[in-house]
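Below is one structure, written out as structure tokens; the observations come after it.
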Amino acid sequence: MELSVSFFVARSHSCVVPVVTARSDLKFLRKPLTLRKRSAIRAQVSDPSPCRETDDGFVLEDVPHLTNFLPDLPSYPNPLHKSQAYAIVKKTFVSPEDVVAEKIVVQKDSPRGVHFRRAGPREKVYFNSEEVRACVVTCGGLCPGINTVIREIVCGLNYMYGVDDILGIEGGYRGFYSKNTLQLTPKVVNDIHKRGGTFLQTSRGGHDTHKIVDNIQDRGINQVYIIGGDGTQKGAALIYQEVEKRGLQVAVAGIPKTIDNDIAVIDKSFGFDTAVEEAQRAINAAHVEVESVENGVGIVKLMGRYSGFIAMFATLASRDVDCCLIPESPFYLEGKGGLFEFVEQRLKENGHVVIVVAEGAGQEYVAQSMHTVDEKDASGNRLLLDVGLWLSQQIKDHFTKVQKMAINMKYIDPTYMIRAVPSNASDNIYCTLLAQSAVHGAMAGYTGFTVGPVNSRHAYIPISRVTETQNTIKLTDRMWARLLASTNQPSFLNSSEVMMGKVDGAILEQINNRKIKSI
Ligand SMILES: Nc1ncnc2c1ncn2[C@@H]1O[C@H](COP(=O)(O)OP(=O)(O)OP(=O)(O)O)[C@@H](O)[C@H]1O
Ligand SMILES: O=P(O)(O)OC[C@H]1O[C@](O)(CO)[C@@H](O)[C@@H]1O
Ligand SMILES: [Mg+2]
């Protein structure tokens with residue numbers, strides 16, 4: 001048996017920790033690997049100093065494999081060897097050496113950087129299909145495409161791997177220990193992708209790792225497919241850890257779901273495009289309304305708790321939006337460069353104005369003016385105050401009382417409507433790839449992973465990597481600048497902030513404080 005070495009990065013220390021696994025099937029290091037490098041890596045095994053990597057800076061952030069803690073697990077030829085679907089495919093199986101680069105824009109001399117294992121079917125599987133008992137659960141808020149993912153997990157397991165024992169866990173994590181299961185077959189799930197929502201129902205809260213894993217063990221489940229957002233993926237990591245602690249042959253696969261697109265590392269979350277498309281309809285309605293009256297002010301509130309991606313992309317797509325407000329970019333109302341001034345100017349120029357506001361924007365102001373206390377949902381997420389209503393009121397008050405100018409306010413809140421629809425064509429295809437990749441990964445014995453596209457290639461990503469940070473709009477990146485250039489709205493930064501050339505956390509905090517004072 002040959003020693004193979006895989007890596008994960010202890011990100012907080014920006015260093016690489018080698019993990020040695022005694023696996024004969026996985027010689028995972030970039031090829032060709034010089035002897036010198038290989039011996040350097042071996043040397044690290046006995047050297048606990050965690051801050052080294054291969055000479056050229058290649059890092060693989062690998063996902064766990066069942067054989068890490070069950071070294072004697074037997075493997076089997078992948079049933080896809082005999083699959084009609086793959087019969088004439090040139091390369092059915094993904095090479096164990098295929099990796100996906102986290103960054104594709106690099107400099108000539110820069111280190112090779114972080115890579116993830118490429119998703120897809122493997123030559124060998126670590127489950128005998130007849131012995132697989134899989135389950136699927138959906139947690140957190142809704143998102144277009146959940147049903148497609150459920151459907152394709154069931155069909156993928158059944159059609160590609162001959163698995164016919166698949167259970168639906170109803171009502172999110174708590175369903176593991178409080179509800180009966182549902183038998184899922186391709187026939188049962190055949191039409192569900194045409195509906196919004198989740199066929200299995202969902203919930204917030206109720207994650208009890210021990211009870212869940214007890215239940216997994218009692219029911220003889222050995223593959224767990226968990227569809228959900230950042231909170232759900234944190235829960236999936238705990239389930240994986242407990243499974244490993246108990247030494248169970250259970251593969252835990254996470255499929256990232258979030259309407260907010262706030263999951264890190266992956267290119268984009270499924271259902272996001274559908275949501276942006278749907279948001280267009282609300283923006284269009286606002287535009288039609290305000291164009292048809294004098295001094296029309298349209299406000300459209302879109303989802304986005306901490307990340308304003310839906311608002312940003314809907315704005316960029318629409319061209320009817322004058323100003324987009326997101327949680328990442330503090331704004332202010334009064335004075336030079338403020339929102340009131342901008343609204344007044346657009347009303348004078350065009351006779352109407354459309355504002356898109358992400359629900360998480362300006363929460364500090366709303367809280368201050370409403371004197372509310374923080375409330376949380378069952379999962380511990382802060383409950384948001386209605387910034388859309390608050391903003392409508394502020395603008396109305398300003399123009400009628402201060403400016404003595406009559407305006408026609410139209411406030412549209414389509415938040416739930418945009419996430420309750422079925423997924424569009426491209427999201428449906430994306431959901432299919434996610435589901436099939438998750439199935440291939442679990443069958444191949446990988447566990448504790450989240451699947452998702454990184455630079456358009458599907459990869460297996462350690463769950464901790466997608467939960468340690470949230471994907472937010474970086475004001476210092478070009479995309480936000482593109483939006484500002486497209487709407488020509490104020491950036492709400494003063495010139496000294498702009499002069500500094502970048503907006504970091506400290507500056508944002510200063511801006512926040514200043515804005516709060518001005519209310
Ligand atoms: N830190 C955590 N550890 C364990 N379980 C968690 C954690 N955070 C959330 N969960 C569980 O994950 C499930 C979903 O979490 P949450 O309501 O935050 O939604 P989410 O998965 O983040 O999706 P979204 O934010 O897109 O709606 C809940 O059942 C919750 O109990
Ligand atoms: O009202 P619910 O269902 O808890 O969900 C609302 C939240 O869920 C999200 O859609 C994330 O899933 C947020 O954008 C929103 O704040
Ligand atoms: Mg979340």
Side-chain angles (χ1 to χ4, degrees), residues 137-146 149 169-179 196-198 200-213 224-242 252 254-264 266 268-272 274-276 278-279 301-314 326-328 357-361 363 366 375-388 413-421 448 450 452 463-464 466-472:
V137 64
T138 57
C139 313
L142 293 183
C143 176
I146 299 178
V149 177
I169 306 294
E170 290 191 280
Y173 277 134
R174 68 181 54 166
F176 272 103
Y177 54 84
S178 65
K179 292 197 174 192
T198 160
L200 294 173
Q201 297 200 315
T202 185
S203 66
R204 297 196 189 272
H207 181 98
D208 183 324
T209 313
H210 282 95
K211 278 198 203 169
I212 292 169
V213 179
V224 184
Y225 295 91
I226 302 175
I227 306 168
D230 55 338
T232 305
Q233 302 302 318
K234 285 178 193 157
L238 294 176
I239 293 172
Y240 153 69
Q241 282 159 18
E242 184 60 25
V252 179
I255 297 102
K257 164 228 64 90
T258 155
I259 196 77
D260 293 351
N261 197 33
D262 57 2
I263 294 190
I266 63 169
K268 173 169 68 175
S269 49
F270 73 80
F272 178 72
T274 306
V276 169
E278 198 62 19
K301 186 179 76 169
L302 298 174
M303 277 190 174
R305 211 197 284 274
Y306 304 111
S307 310
F309 286 103
I310 298 179
M312 177 168 83
F313 277 82
I326 55 169
E328 296 90 332
V357 59
E359 62 180 346
Q363 286 295 307
V366 192
E375 278 187 80
K376 299 211 159 126
D377 69 15
S379 295
N381 302 304
R382 197 173 130 210
L383 283 179
L384 298 176
L385 302 165
D386 195 334
V387 65
D413 179 351
T415 44
Y416 287 107
M417 290 174 70
I418 67 159
R419 69 172 202 185
V421 295
T450 297
I463 297 181
S464 57
V466 296
T467 55
E468 69 190 1
T469 53
Q470 259 183 337
N471 188 29
T472 54

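Indexing begins at 1, ligand by ligand and atom by atom, following the structure's order.
- Between Val357 and Gly388, the shortest heavy-atom distance links the atoms CG1-CA, 4.3 Å.
- The ligand atoms of ligand 2 that sit less than 4.0 angstrom from a heavy atom of Ile259 are 10 (O).
- Of all protein heavy atoms, the one lying nearest to atom 22 (O) of ligand 1 is Asp230 OD1, 2.5 Å.
- Closest non-hydrogen pair, Ser203 versus Tyr173, comes out as OG-N, 4.3 Å.
- Residue contact check for ligand 2: Asp260 places a non-hydrogen atom closer than 4.0 Å to it.
- Checked by atom type, the side-chain pair Thr258/Asp260 shows no donor-acceptor distance below 3.5 Å.
- Residue Tyr416 places at least one N or O, backbone or side chain, under 3.5 Å from an N or O of ligand 2.
- Taking atom 27 (O) of ligand 1 as the reference point, the nearest protein heavy-atom neighbour is Gly141 N, 2.7 Å.
- Each of the atoms 23 (O), 24 (P), 26 (O), 27 (O) of ligand 1 lies under 4.0 Å from some heavy atom of Lys257.
- For ligand 1, the atoms sitting less than 4.0 Å from at least one non-hydrogen atom of Asn381 are 16 (P), 17 (O), 18 (O), numbered in the order shown with element in parentheses.
- Gly231 O, 3.5 Å is the protein heavy atom nearest to atom 7 (C) of ligand 1.
- In terms of polar-atom proximity, Ile259 is not counted as a contact of ligand 1, lacking any N or O under 3.5 Å from an N or O of the ligand.
- With a heavy-atom cut-off of 4.0 Å, Asp262 does not touch ligand 1 at all.
- Each of the atoms 13 (C), 14 (O), 15 (C), 16 (O) of ligand 2 lies under 4.0 Å from some heavy atom of Glu359.
- Nearest approach of Thr202 to Thr138, heavy atoms of both residues: OG1-O, 3.3 Å.
- Between Cys139 and ligand 1, a contact under 3.5 Å exists for no N or O pair.
- Taking only nitrogen or oxygen atoms, main chain and side chain alike, Gly228 does not reach within less than 3.5 Å of ligand 1.
- Every atom of ligand 2 is numbered from 1 in the order shown, and the set under 4.0 Å from a heavy atom of Met303 is 10 (O), 14 (O).
- Interface atoms of ligand 1 facing Gly235, defined by a heavy-atom separation under 4.0 Å, are 4 (C), 5 (N).
- For the ligand labelled ligand 2, residue Gly304 lies inside the 4.0 Å heavy-atom shell.
- Between Gly304 and Pro327 the shortest heavy-atom distance is O-CG, 3.8 Å.
- Here the closest non-hydrogen pair linking Lys257 and Gly140 is NZ-C, 4.2 Å.
- Sorted by chain and number, the protein atoms of type N, O or S within less than 2.8 Å of the Mg ion (ligand 3) are Asp230 OD1.
- The distance criterion of under 3.5 Å between nitrogen or oxygen atoms is not met by Asp377 with respect to ligand 1.
- Listed by number with element, the atoms of ligand 1 under 4.0 angstrom from any heavy atom of Gly229 are 20 (P), 21 (O), 22 (O), 23 (O).
- Polar contact with ligand 2: absent for Asp377 (N/O pair, distance under 3.5 Å).
- Every N/O-N/O distance between Lys234 and ligand 1 stays at or above 3.5 Å.
- Residue Leu238 approaches ligand 1 through these ligand atoms, each under 4.0 Å from one of its heavy atoms: 3 (N), 4 (C).
- Considering backbone and side-chain N/O atoms, Tyr173 never comes within less than 3.5 Å of an N/O atom of ligand 1.
- With atom 19 (O) of ligand 1 as the reference point, the heavy atom nearest to it among Gln233, Arg174, Arg204, Gln470 is part of Arg204.
- At least one heavy atom of Gly205 lies less than 4.0 angstrom from ligand 1.
- When only modelled atom types and interatomic distance are considered, Glu328 and Thr472 share no side-chain donor-acceptor pair under 3.5 Å.
- Under a 4.0 Å N-O distance rule, the pair Asp386/Lys301 qualifies as a salt bridge.
- For Ala378 against Arg204, the heavy-atom pair with the smallest separation is CB-O, 3.6 Å.
- Atom 17 (O) of ligand 1 has Ser379 OG, 2.6 Å as its closest protein atom, hydrogens excluded (heavy atom only).
- Nearest protein heavy-atom neighbour of atom 14 (C) of ligand 1: Thr232 OG1, 3.3 Å.
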